[in-house]
Amino acid sequence: MVSLPHLLQQIRDARERLDVCFHDESQHHMAKVEAKLGRQLPEEIRAFYLQCPGFWTNDCLFRVLSMSDILTEIERPAAPNTNLHFPIADYMIFSDVWEVVLDEENPARYVIVNSNHHTEESVVLTDSLYEFVNKFLEGGIFGGEEGEGLYGWRERLKILSQ
């Protein structure tokens with residue numbers, strides 16, 4: 001399990017390699033997101049966003065959305081089931097999206113899913129934002145020398161779930 005201090009250091013260390021830039025964000029957006037969802041965000045997500053406002057990179061324009069971006073997405077009139085899920089990351093400006101799906105029964109639990117550009121059934125990747133961000137920092141979107149990347153991870157988990 002990746003700790004938040006370790007993850008934040010990894011993000012800082014990746015600044016040059018991935019050209020990481022942090023969003024300019026204030027904390028009041030988190031309260032607005034929680035009000036719109038009708039519940040408090042899971043503690044791990046809250047802790048992350050209290051320390052890191054989200055970021056974007058030059059790796060396929062990947063970004064961990066800011067609370068402001070999340071709020072914009074869940075306020076869209078066409079956004080389905082916004083009380084149970086919302087986008088947490090994207091690449092190529094919403095070419096593909098990774099979403100948080102909140103547990104209906106237990107507000108402390110959630111998973112992060114991806115449906116490969118909405119062309120396939122969603123695959124559960126993890127129940128940890130820290131693990132998700134760590135996986136991106138290690139392998140990027142498509143992998144390479146440093147790891148399998150987010151899509152390789154998705155494919156491996158898809159095969160394991162069948």
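Values reported hereafter were calculated over all heavy atoms of this structure, with side chains retained and with hydrogens, waters and symmetry mates removed. In this chain, numbering begins with 1 at the start of the sequence shown.
Taking CH2 of W56 as the reference point, atom CZ of F22 lies at 10.0 Å (rounded to 0.5 Å). Taking CD of E99 as the reference point, atom CG of L84 lies at 11.5 Å (rounded to 0.5 Å). Here the CG atom belonging to L125 is positioned 7.5 Å from the CZ atom belonging to R154, to the nearest 0.5 angstrom. Remark: I112 CD1 to K135 NZ distance equals 13.0 Å, nearest 0.5 Å. The structure places CD1 of I45 at 6.5 Å from CG of L102, a figure rounded to the nearest 0.5 Å. Distance check: T126 OG1 to Y110 OH gives 7.0 Å after rounding to the nearest 0.5 Å.
Counting only N and O atoms by type, the side chains of Y151 and N116 include no donor and acceptor under 3.5 Å apart. Side-chain polar atoms of S66 and D69 form a donor-acceptor pair below 3.5 angstrom. Using modelled atom types, one finds no donor on one side chain facing an acceptor on the other under 3.5 Å when comparing S115 with E121.
Contact between R39 and D103 at its shortest, heavy atoms only, is NH1-O, 3.0 Å. Closest heavy-atom contact between Y49 and G54: CE2-N, 4.2 Å. Among all heavy-atom pairs drawn from R17 and L137, the shortest one is NH2-O, 3.1 Å. Closest approach of F55 to H23, counting heavy atoms only: N-CD2, 3.2 Å. In this structure, F136 and L150 approach most closely via the heavy-atom pair N-CD2, 4.0 Å. Scanning all heavy atoms of the two residues, the minimum distance from F142 to C60 falls at CE1-SG, 3.6 Å.
Linking ILVMFWY residues whenever their side-chain heavy atoms come closer than 4.5 Å, directly or via other members, leaves W98 and V113 in distinct clusters. In the hydrophobic cluster analysis, where Ile, Leu, Val, Met, Phe, Trp and Tyr join through side-chain heavy atoms closer than 4.5 angstrom, V111 is grouped apart from I70. Cluster membership check: V101 does not share its hydrophobic cluster with F94, using side-chain heavy-atom separations under 4.5 Å among Ile, Leu, Val, Met, Phe, Trp and Tyr.
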For this session: Please lay out, stage by stage, how E138 and W153 fare under the test side-chain contact (heavy atoms from CB on, under 4.5 Å).
Result: CA-CA 11 Å; E138 289 179 347; W153 187 33; over 6 Å; no
Exercise. Going through the distances and angles, do V124 and L157 end up as a side-chain contact (heavy atoms from CB on, under 4.5 Å)?
Worked result: CA-CA 8 Å; V124 173; L157 293 172; over 6 Å; no
For this session: Please report the C-alpha distance between E148 and R156 in whole Å, then the side-chain angles of each, then the deciding distance to 0.1 Å, and finally whether the salt bridge (Lys or Arg N to Asp or Glu O under 4.0 Å) criterion is met.
Result: CA-CA 9 Å; E148 68 184 338; R156 181 172 51 81; 2.7 Å; yes
Exercise. Could you walk me through whether V133 and V64 pass the side-chain contact (heavy atoms from CB on, under 4.5 Å) check?
Worked result: CA-CA 8 Å; V133 173; V64 172; 4.1 Å; yes
Exercise. Would Q51 and L4 satisfy side-chain contact (heavy atoms from CB on, under 4.5 Å), going step by step from the backbone distance to the final call?
Worked result: CA-CA 9 Å; Q51 297 293 313; L4 182 56; 3.8 Å; yes
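Between the D90 side chain and the V97 main chain, no donor and acceptor come within less than 3.5 Å of each other. Using modelled atom types, one side-chain atom of E34 and one backbone atom of L41 make a donor-acceptor pair closer than 3.5 Å.
Atom CG of L160 is surrounded by more than 12 heavy atoms from other residues, nucleotides or ligands within 6.0 Å. Summarising the local packing, CZ of R109 is surrounded by 12 or fewer heavy atoms from other residues, nucleotides or ligands at distances under 6.0 Å.
If you run side-chain contact (heavy atoms from CB on, under 4.5 Å) between N58 and each of V20, D19, L18, only D19 comes through.
The existence of a salt bridge linking R46 and E43 is excluded, since no basic side-chain nitrogen approaches an acidic carboxylate oxygen closer than 4.0 Å.
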Can you list, pair by pair, the side-chain donor-acceptor contacts under 3.5 Å of residues 5-13, counting residues two or more places apart and other chains?
{"unit_1": "Q9", "atom_1": "OE1", "unit_2": "R12", "atom_2": "NH2", "d": "3.2"}
{"unit_1": "Q9", "atom_1": "NE2", "unit_2": "D13", "atom_2": "OD1", "d": "2.7"}
{"unit_1": "Q10", "atom_1": "NE2", "unit_2": "N134", "atom_2": "OD1", "d": "2.8"}

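You'll find the side chain of K32 stays beyond 4.5 Å of the side chain of K36, heavy atoms only. Side-chain contact between I74 and F86: present, with at least one pair of heavy atoms (C-beta onward) separated by less than 4.5 Å. Looking only at side-chain heavy atoms (C-beta outward), E44 and S128 come within less than 4.5 Å of each other.
In terms of the salt bridge (Lys or Arg N to Asp or Glu O under 4.0 Å) criterion, residue partners of K158 (sequence neighbours excluded) are, by chain and number, E120, E155.
Ring orientation note: the planes of F48 and Y130 are tilted relative to one another, at an angle of 30° to 60°.
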